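A short worksheet on the structure shown next.
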Amino acid sequence: MRRAIVVVLDSFGIGSAPDAEKFGDQGADTLGHIAAACARGEANTAERSGPLKLPNMAALGLFHAHRDATGSVAEGVNLPAPLEGAYAHAREISSGKDTPSGHWEIAGVPVRFDWGYFLDKTDSFPADLLENIVREAELPGVIGNCHASGTEIIARLGEEHLQSGKPIVYTSADSVFQIAAHEEHFGLERLYALCETVRELLAPYNIGRVIARPFNGDDSASFARTGNRRDYSVEPPSPTVLQKLADAGGEVVSIGKIADIYAHCGITHKVKASGHDALMDATLAEVARTANESADRPTMIMTNFVDFDSVYGHRRDVPGYAAALEHFDARLPELMAALNDDDLLLLTADHGCDPSWEGTEHTREYVPVMVRGGGFNPGPLGERGTFADIGQTLADFFGVDAMQDGNSFLPQAA
Ligand SMILES: O=P(O)(O)O[C@H]1O[C@H](CO)[C@@H](O)[C@H]1O
Ligand SMILES: [Mn+2]
Ligand SMILES: [Mn+2]
């Protein structure tokens, strides 16, 4: 059985992309700026201190890939030798720097069309759209209607939401319509139903995602988002490598928000988990389960580690991001130990979100590609011109029809 484990470290960029200027992101470097802050003693907390310690990803070529993407070795880092993984830096050709674009391109389907965006910072949504939502969902109204950071807006408007019963609607530089509502007062199922209604009403606007952002707590000091976030994505424009593998009878396992991001297309088994430890535990459990139950089926397990992005990147929390990386890295040996030599382990990211950058948005960056097992020898795989090289490599590995985009970097003899 051929088996690939694809791990997406959400927002783990390794240096600004050649087209970063277009996004106002020239100079952004998620990994480099975290490493620099750590090396300078600016990311010391009760949880962590000193230079950034990622020995396991370093051995897979993380810092080599970062050096190749930026032209210099990250501050406070010694490049390890010998390496245990094959590595590359990959650039994105999709028009946006959002999560679905990044993931779909990883799966071999770049997004060449332009998403719709709500560009106005205030009064962001068209009045007739909001009127239709209020009428269809029988709401007392909506509040927010602006660009916002999701934690800031529940602190600012959460109490008004509780008093009025009006959900909070907001957007960002991404193609999103986000809805925050209190899990108990408004109701979680009611929030999900509202998101489905909005998804339908957004059909003319070409918006990538509606996102349910449930929170709990009693007042603005205690409001906190829960793990019950749900994304309602449109479907990828053509079959991804996940769909090709599922159509060929393979097992495609989604862990975390993967299924939501691919609009549930090409997924044969879904596991929900919230928080990085739970996501790693679920990944280990699926590695064990598929070794037994799916031993005769080609299998792909794909996990998204979202907290890098939503808890640390967007919140511009450098020490928090550093600690989360170190924690992930410390658990990586558990995953590697659970795999056979034939299993292909691939680590990558979907975009950047430099926690030292201005604003709260994603950053247009190269992402790392780190590969171990599956016939790969340690060493460089060179610059990859599109994330779709990953999808093409997976298609090659599984022997399904080639993708339209991307060049496989699977070793010839593998
Ligand atoms: O500020 P929060 O609610 O975390 O929102 C962020 O998460 C969204 C989806 O990734 C992005 O569009 C960004 O705005
Ligand atoms: Mn993302
Ligand atoms: Mn994000």
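What you see is a predicted model, and the numbers here were worked out from it, not measured in a lab. Both counts, for ligands and for their atoms, begin at 1 and track the order of listing.
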* To do: May I ask whether Ile211 places a heavy atom under 4.0 Å from ligand 1?
  => yes
* Tell me, yes or no, whether the heavy-atom count around Gln404 atom CD, taken from other residues, nucleotides or ligands under 6.0 Å, exceeds 12. => no
* Structure fact -> If we number the atoms of ligand 1 from 1 as shown, the ones under 4.0 Å from a heavy atom of Asp174 are 11 (C), 12 (O)
* Asked: Which of these, His327, His314, His351, His276, sits in a ring pair (Phe, Tyr, Trp, His ring centres under 6.0 Å) with Phe308?
  -> His276
* Under 3.5 Å between some N or O of ligand 1 and some N or O of Thr151? -> no
* For the Mn ion (ligand 2): the N/O/S atom of Asp10 at shortest distance -> OD1
* Within His351, is some N, O or S atom less than 2.8 Å away from the Mn ion (ligand 2)? -> yes
* Asked: Which atoms of ligand 1 are found less than 4.0 Å from any heavy atom of Tyr170?
  -> 3 (O)
* Check ligand 1 against Ser149 and write out every atom of the ligand that is under 4.0 Å from a heavy-atom position of the residue. => 1 (O)
* Asked: Take atom CD in Glu235; do more than 12 heavy atoms of anything else shown fall under 6.0 Å from it?
  -> no
* To do: Kindly confirm or rule out an N or O of Arg315 lying under 3.5 angstrom from an N or O of ligand 1.
  => yes
* Asked: Would you call Glu365 and Arg91 a side-chain contact if the rule is heavy atoms closer than 4.5 Å?
  -> no
* Asked: Passes side chain to side chain donor-acceptor pair (under 3.5 Å), Asp309 versus His362? Steps please.
  -> CA-CA 8 Å; Asp309 179 72; His362 296 162; 3.2 Å; yes
* Asked: Is the distance between the Mn ion (ligand 2) and the nearest N/O/S atom of Thr99 smaller than 2.8 Å?
  -> yes
* Between Lys257, His314, His147, Gln178, flag the one that comes closest to atom 5 (O) of ligand 1 by a heavy atom. => Gln178
* Protein contact to atom 9 (C) of ligand 1 [nearest heavy atom, distance to 0.1 Å] -> Arg209 NH2, 3.4 Å
* Considering all heavy atoms of both residues, which atom of His33 and which atom of Asp354 are nearest to each other, and what is their separation? -> ND1-OD2, 2.6 Å
* Identity of the N, O or S atom of Asp350 lying closest to the Mn ion (ligand 2) -> OD2
* Which atom, among the N/O/S set of Asp309, is closest to the Mn ion (ligand 3)? -> OD2
* **Pair Arg289 + Glu251: basic N to acidic O under 4.0 Å** => yes
* Asked: Hey, is Glu152 one of the residues with a heavy atom under 4.0 angstrom from ligand 1?
  -> no
* Quick check: does Arg213 get an N/O under 3.5 Å from an N/O on ligand 1? -> yes
* atom 4 (O) of ligand 1 - nearest protein heavy atom and its distance -> Arg225 NH2, 2.9 Å
* State the CD1-CZ distance between Ile207 and Arg199, to the nearest 0.5 angstrom. => 8.0 Å
* Compute the shortest N/O to N/O distance between Ser310 and ligand 1 and return yes if it is under 3.5 Å, no if not. => no
* To do: For the pair Phe118 and Phe125, name the ring-plane relationship: parallel under 30°, tilted 30 to 60°, perpendicular over 60°.
  => perpendicular
* To do: Would you check if Ile5 and Leu346 make a side-chain contact, meaning some heavy-atom pair closer than 4.5 Å?
  => no
* Asked: Could an N or O of ligand 1 be found under 3.5 Å from any N or O of Gly150, whether backbone or side chain?
  -> yes
* Salt-bridge present (Asp231, Arg229; N to O < 4.0 Å) -> yes
